[in-house]
Amino acid sequence: MLEGDTVSVPEMISLEDARALVLSKVDALETEDVSVLEMIGRVAAEDLASDIDISPFAHAAMDGFAMRAEQLVAASPDTPVKLDVVAEVPAGSWYEGSIDEGQCVRIMTGAPLPAAADAVVKYEIVEVLSGDGRKGSRVAFSAPVEAGAQVRQAGEEAKADEVIVHAGEVVHSAGVGFLAGCGVTQCKTYRRPTVGIIATGSELVDPTETPVKGQIRNSNSYALAASAVDAGAVPTVLPIAADDFEGLRAAVVAATADYDFVVTSGGAANGDYDFIKQVVDDAGELLMTTVNMRPGKAQTFGIVNGTPVFGLPGNPAAAYLGFEMIIRPALRKMQGYSHFERPHVRARLMGDVKKKDPRRIFNRATLSKDEDGNYLVTPAKNQSSGLFGPIQKANCFVILPEGPHEYHTGDILDCVMLDIPEEVLL
Ligand code: AMP
Ligand code: MG
């Protein structure tokens with residue numbers, strides 16, 4: 001196709017359809033084996049089972065004295081039961097001797113419960129009549145105890161061969177410990193997608209440079225690379241492409257050979273120097289050009305050489321929102337995640353907003369709480385799509401649904417929280 005030719009443009013679609021379209025074009029990548037510590041925040045690609053019972057043996061949950069509950073049936077403050085301490089069982093040891101009538105053993109937290117005992121009474125509520133409370137002492141109990149008290153039973157948390165983390169589950173820090181305790185030190189997870197990021201615009205210079213007349217720094221590539229890292233992907237910031245059809249085409253096609261997902265920013269609208277739609281249409285299959293949202297109506301998506309290529313708009317807030325709402329879900333699906341929506345909360349609007357644009361608007365805003373714990377949302381003063389600053393200061397987007405409307409202080413609006421993983425607050 002020649003520069004300047006018109007492309008067959010699919011009509012504007014909803015954000016939901018855009019997300020569904022992009023999700024339909026990606027799958028979980030192949031799996032890789034990683035150490036359990038590297039599983040933090042990642043998705044298990046197979047069921048993970050314990051190799052032993054957890055805990056492996058019944059043990060004391062507190063420092064105290066072990067005996068059979070039946071020995072203390074008659075214990076009361078007026079008629080304490082007095083026992084001789086015949087052994088000490090520290091953690092890591094094992095007591096196989098007997099506990100006869102009139103006897104108990106001193107036991108430490110984590111030490112195996114002797115087979116001759118069925119309960120533990122914590123040290124703090126036992127009176128030491130003679131000695132130092134250790135072996136050779138005599139101690140008094142002023143209350144009965146239930147069998148099983150202060151005992152963590154064998155296999156209480158998991159049985160040998162029982163699945164403890166299921167395929168598809170996201171592993172959190174406690175899960176890393178759980179797996180380690182169950183002997184799972186290597187896990188299968190999905191490979192992180194690589195993302196090639198190309199900023200297009202003849203006005204752009206690298207952030208290390210000081211822009212001269214007409215130039216601006218390429219901030220998008222950095223925000224998008226950071227967003228990619230945040231989504232679990234591995235980004236590469238590729239050289240800036242000028243506003244030139246052939247140059248951009250060559251850069252995009254080369255990137256599709258090297259990366260799992262290619263993201264461009266800029267040149268996505270209908271200006272004389274906007275070429276990403278033509279590039280995708282010419283080099284591959286153009287599937288989407290426009291999404292019913294603001295900022296960021298111009299969102300191009302297609303497949304080139306079997307690789308998803310997403311052309312974000314150039315305006316920073318528009319590029320950020322497109323990545324956040326449409327690309328991030330795809331990068332997460334490639335890593336096996338199954339939740340794609342950040343947590344939403346409903347909040348009381350602080351201020352008046354006149355909405356003229358019929359598109360669904362995502363305004364940069366800050367969520368806080370009133371004294372009763374109700375959410376309040378304050379939109380940022382400057383909603384220019386050209387700015388990253390208000391997003392850095394914001395913690396949500398407040399959503400103004402499709403259609404013109406006037407909103408007032410006190411109206412309840414839906415807000416999508418930023419920087420909180422999708423699995424939280426489903
Ligand atoms: P475009 O989508 O190419 O028309 O660009 C829209 C606006 O975003 C223009 O003001 C561009 O200068 C600006 N812009 C485009 N690309 C970038 C970028 N990589 N970093 C920062 N601003 C950009
Ligand atoms: Mg441009």
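Order of appearance sets the numbers: ligands from 1, and atoms from 1 within every ligand. Atoms considered below: every heavy atom in the structure, side chains included; atoms not considered: hydrogens, waters and symmetry mates.
Between the side chain of Thr194 and the backbone N or O of Asp260 there is at least one donor-acceptor pair closer than 3.5 Å. For Arg106 (side chain) and Glu88 (main-chain N/O), no donor-acceptor pair under 3.5 Å exists by modelled atom type. No donor-acceptor pair under 3.5 Å is formed between the side chain of Glu422 and the backbone N or O of Pro329.
Among protein heavy atoms, the minimum distance from atom 21 (C) of ligand 1 is reached at Ser219 OG, 3.3 Å. Ranking the protein heavy atoms by distance from atom 19 (N) of ligand 1 puts Asn218 OD1, 2.9 Å first. When hydrogens are left out, the protein atom nearest atom 17 (C) of ligand 1 is Asn220 ND2, 3.3 Å; that is the closest non-hydrogen contact. Asp274 OD1, 4.2 Å is the protein heavy atom nearest to atom 4 (O) of ligand 1. Among all non-hydrogen protein atoms, the one lying nearest atom 2 (O) of ligand 1 is Gly314 N, 2.9 Å. Of the protein's heavy atoms, Glu203 OE2, 4.2 Å lies nearest to atom 9 (C) of ligand 1. Of the protein's non-hydrogen atoms, Asn315 N, 3.6 Å is the one closest to atom 6 (C) of ligand 1.
Heavy atoms of Leu204 found under 4.0 angstrom from ligand 1 belong exclusively to the side chain.
With ligand atoms numbered from 1 in the order given, ligand 1 contributes 20 (N), 21 (C) to contacts under 4.0 Å with heavy atoms of Arg217. Heavy-atom contacts of Ser265 reach the following atoms of ligand 1: 19 (N) (cutoff under 4.0 Å). Atoms of ligand 1 lying under 4.0 Å from at least one heavy atom of Ala199, given by number and element, are 19 (N).
Counting non-hydrogen atoms of other residues, nucleotides and ligands closer than 6.0 Å to CD of Glu32 gives a total above 12. Within 6.0 Å of NZ in Lys355 there are more than 12 heavy atoms belonging to other residues, nucleotides or ligands.
Among the atoms of Ser221, none of the N or O lies under 3.5 angstrom from an N or O of ligand 1. Taking only nitrogen or oxygen atoms, main chain and side chain alike, Ile216 does not reach within less than 3.5 Å of ligand 1.
Tyr407 does not carry Lys354 over the face of its six-membered ring by the limits of under 6.0 Å from the centre and within 45° of the normal.
Using a 4.0 Å cutoff on heavy atoms, Gly201 does not count as a contact of ligand 1. Judged by the shortest distance from any of its heavy atoms, Ala269 lies outside the 4.0 Å radius around the atoms of ligand 1.
Partner Lys277 forms a side chain to side chain donor-acceptor pair (under 3.5 Å) with one of Asn270, Thr300, Thr289 and no other, that one being Asn270.
Once rounded to the nearest 0.5 Å, the distance linking CG of Leu21 with OG of Ser14 reads 10.5 Å.
Within the set Gly214, Ala298, Ala318, Gly267, the minimum heavy-atom distance to atom 1 (P) of ligand 1 is found for Gly267.
For Pro112 against Trp94, the heavy-atom pair with the smallest separation is CG-CE3, 3.2 Å.
Asn395 and Thr366 share no side-chain donor-acceptor pair at under 3.5 Å.
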